[in-house]
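For reference, the structure is listed below as structure tokens.
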Protein chains: 2
Amino acid sequence: MSDLLERLRGRGWRMTSQRRVVAEVLDGDHVHLTADEVHARAVQRLPEISRATVYNTLRELVTLDEVIEVSTDGRAKRYDPNAHHPHQHLVCSRCGTIRDVHPTGDPLAALPEEERFGFTMSEVEVTYRGLCPSCA
Amino acid sequence: MSDLLERLRGRGWRMTSQRRVVAEVLDGDHVHLTADEVHARAVQRLPEISRATVYNTLRELVTLDEVIEVSTDGRAKRYDPNAHHPHQHLVCSRCGTIRDVHPTGDPLAALPEEERFGFTMSEVEVTYRGLCPSCA
DNA sequence: ATCCTACGATGGACAGAGTCTAAGTCAAGA
DNA sequence: TCTTGACTTAGACTCTGTCCATCGTAGGAT
Ligand SMILES: [Mn+2]
Ligand SMILES: [Mn+2]
Ligand SMILES: [Zn+2]
Ligand SMILES: [Zn+2]
């Protein structure tokens, strides 16, 4: 994730300990933490970091296309650092676990012209739901 | 929508004026109202109906599979009476308009076995995003 | 190395969406 | 008509997220 820190510095970001810690917390695969989960983990490393700063930093990362915002339920949004490889999500209906998945083909192809109502299409979001092995 | 009222009566629902009004508000095609929008319209017909009752009734309709809950943004959930014909949604990124759409083929087919992580799949939700004719 | 200052961090108030509770009301069966 | 448990209500409360005024500091200028 230090690539991220480099890119951000390159974009003129002032590098603070708070931003560094948020970026570190978001490192890894299949990471889909809520803002409060990010805050909880950030506090482990930097006890005085505030909730507002975590929200601010996440919002900036989203604006910079470095993190994706995912809302799979009606609850808290989740923040996904895997922003550079397009993917979809597989969610366990019981425990809420989220995995990144890569469906084959172009999902847009399944929507016939006459079903597009004159819209200019830009993206498709797919959420697969089911029970994970532990919950089944 | 009086079919709905019949079905509900058959399921042992006590029929109150409040429930009747909520069901009436939800009648129609491409209806995707928020709870507060449902409440606002219900108040036109029955001024003393409370927000809590609207929420209660919507939750029951969802439990009975008579209405579908849709969350296309991170904002308020939308309530969709078109629960008996499976469909997906096309959303305008600018104004939020929602249309029902019917993609061809089985959306599950696009997810290869090795991408299912041992999940027992149950459903797929697809959200197509773009700009509607008025917003483009 | 020190100084400056605009940008960032902070806590707390605030807002939107939804749930819960205790008390009052009424649909519908006896 | 009476009775009663299911339904409705207002408002308090929770959860998620935003906003604001103030304070602090990263990093360029000297
Ligand atoms: Mn992801
Ligand atoms: Mn719909
Ligand atoms: Zn699970
Ligand atoms: Zn539009």
Side-chain angles (χ1 to χ4, degrees), chain A residues 4-6 8-26 32-64 66-80 96 98, chain B residues 5-6 8-25 32-43 45-64 66-80 96:
Chain A
L4 173 55
L5 292 181
E6 278 315 311
L8 295 177
R9 219 186 305 265
R11 299 218 208 188
W13 251 37
R14 183 178 289 189
M15 193 47 57
T16 67
S17 52
Q18 291 87 345
R19 287 174 167 182
R20 207 185 320 274
V21 163
V22 169
E24 283 168 9
V25 164
L26 286 175
H32 302 94
L33 298 169
T34 65
D36 275 333
E37 286 165 353
V38 171
H39 181 238
R41 298 192 186 197
V43 162
Q44 312 273 339
R45 296 159 176 260
L46 188 66
E48 66 277 21
I49 190 174
S50 76
R51 225 171 56 98
T53 294
V54 170
Y55 273 103
N56 288 341
T57 305
L58 289 173
R59 181 159 9 127
E60 285 158 7
L61 289 170
V62 170
T63 301
L64 298 174
E66 296 289 351
V67 163
I68 292 171
E69 228 172 32
V70 181
S71 12
T72 51
D73 51 3
R75 312 289 308 277
K77 288 175 193 156
R78 296 182 169 274
Y79 293 88
D80 182 349
I98 302 179
Chain B
L5 292 182
E6 277 315 311
L8 296 177
R9 219 187 303 270
R11 299 217 207 188
W13 252 36
R14 181 179 289 188
M15 194 46 57
T16 66
S17 52
Q18 291 86 347
R19 286 174 168 181
R20 206 183 323 273
V21 164
V22 169
E24 283 167 10
V25 165
H32 302 94
L33 299 169
T34 65
D36 275 334
E37 287 165 353
V38 171
H39 181 238
R41 299 192 185 197
V43 162
R45 298 160 174 259
L46 189 67
E48 66 276 23
I49 190 174
S50 76
R51 227 171 54 97
T53 294
V54 169
Y55 274 103
N56 288 341
T57 306
L58 289 173
R59 179 158 10 124
E60 284 158 8
L61 288 170
V62 169
T63 302
L64 296 174
E66 296 289 351
V67 163
I68 292 171
E69 228 172 32
V70 181
S71 10
T72 52
D73 51 2
R75 313 289 307 276
K77 289 174 192 157
R78 298 184 166 272
Y79 293 88
D80 182 349

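Residue numbering restarts at 1 for every chain, and letters A, B, ... go by the order of the sequence lines. Predicted model only: the values in this text are computed from it and were never measured.
Summarising the geometry, the separation between CG on Asp73(B) and C1' on dA17(C) is reported as 12 Å, rounded to the nearest angstrom. When rounded to the nearest whole Å, the span between CD1 of Ile49(B) and P of dT9(D) equals 6 Å. One atom, CZ of Arg11(B), and another, C1' of dA6(D), lie 18 Å apart when rounded to the nearest Å. Atom pair Glu60(B):CD and dC7(D):P shows a separation of 7 Å (rounding to whole Å applied). When rounded to the nearest whole Å, the span between CZ of Arg51(B) and C1' of dA15(C) equals 12 Å. Distance CG (Leu46(B)) to P (dC7(D)): 17 Å, rounded to an integer number of Å. One interatomic measurement links the two molecules: CG of Asn56(B) to P of dA10(D), which rounds to 13 Å at whole-angstrom precision. As a whole-Å value, the separation of Glu48(B) CD from dT8(D) P is 12 Å.
Using a 4.5 Å heavy-atom cutoff, the side chains of Val22(A) and Tyr79(A) are not in contact. Within the 4.5 Å cutoff, no side-chain heavy atoms of Asp36(A) are placed close to those of Val54(A).
Every residue meeting the side chain to side chain contact (heavy atoms under 4.5 Å, CB included) condition with Ile68(B), not counting sequence neighbours, appears here in chain and number order: Val70(B), Asp80(B), Ala83(B).
Classification of Glu69(B) and Arg78(B) as a salt-bridged pair fails, no side-chain N sitting under 4.0 Å from a carboxylate O. Using a cutoff of 4.0 Å between basic side-chain nitrogens and carboxylate oxygens, Glu60(A) and Arg11(A) are not scored as salt-bridged.
Counting non-hydrogen atoms under 4.0 angstrom, Arg19(A) reaches the backbone sugars and phosphates but no base. Contacts of Ala52(B) with the nucleic acid, taken as non-hydrogen atoms under 4.0 Å apart, include base atoms.
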Evaluate the side-chain contact (heavy atoms from CB on, under 4.5 Å) criterion for residues Arg19(B) and Leu8(B): first the C-alpha distance (whole Å), next the side-chain angles of each, then the deciding distance (0.1 Å), finally the verdict. CA-CA 10 Å; Arg19(B) 286 174 168 181; Leu8(B) 296 177; over 6 Å; no

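In terms of modelled atom types and a separation under 3.5 Å, the side chain of Glu24(B) and the main chain of Val21(B) share no donor-acceptor contact.
Look at Thr53(B) and you'll find a side-chain N or O under 4.0 angstrom from OP1 or OP2 of dT9(D). For Tyr55(B) and dG18(C), the shortest distance from a side-chain N or O to OP1 or OP2 is below 4.0 Å. The phosphate of dT9(D) (OP1 or OP2) has a side-chain N or O of Gln18(B) nearer than 4.0 angstrom.
For a distance-only test at 3.5 Å, the side chain of Arg75(B) fails to qualify as a donor-acceptor partner of the base of dG16(C).
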Give me the distances for all protein-to-nucleotides 24-30 of chain C N/O pairs that come in under 3.5 Å?
unit_1	atom_1	unit_2	atom_2	d
dA28(C)	OP1	Met15(B)	N	3.0

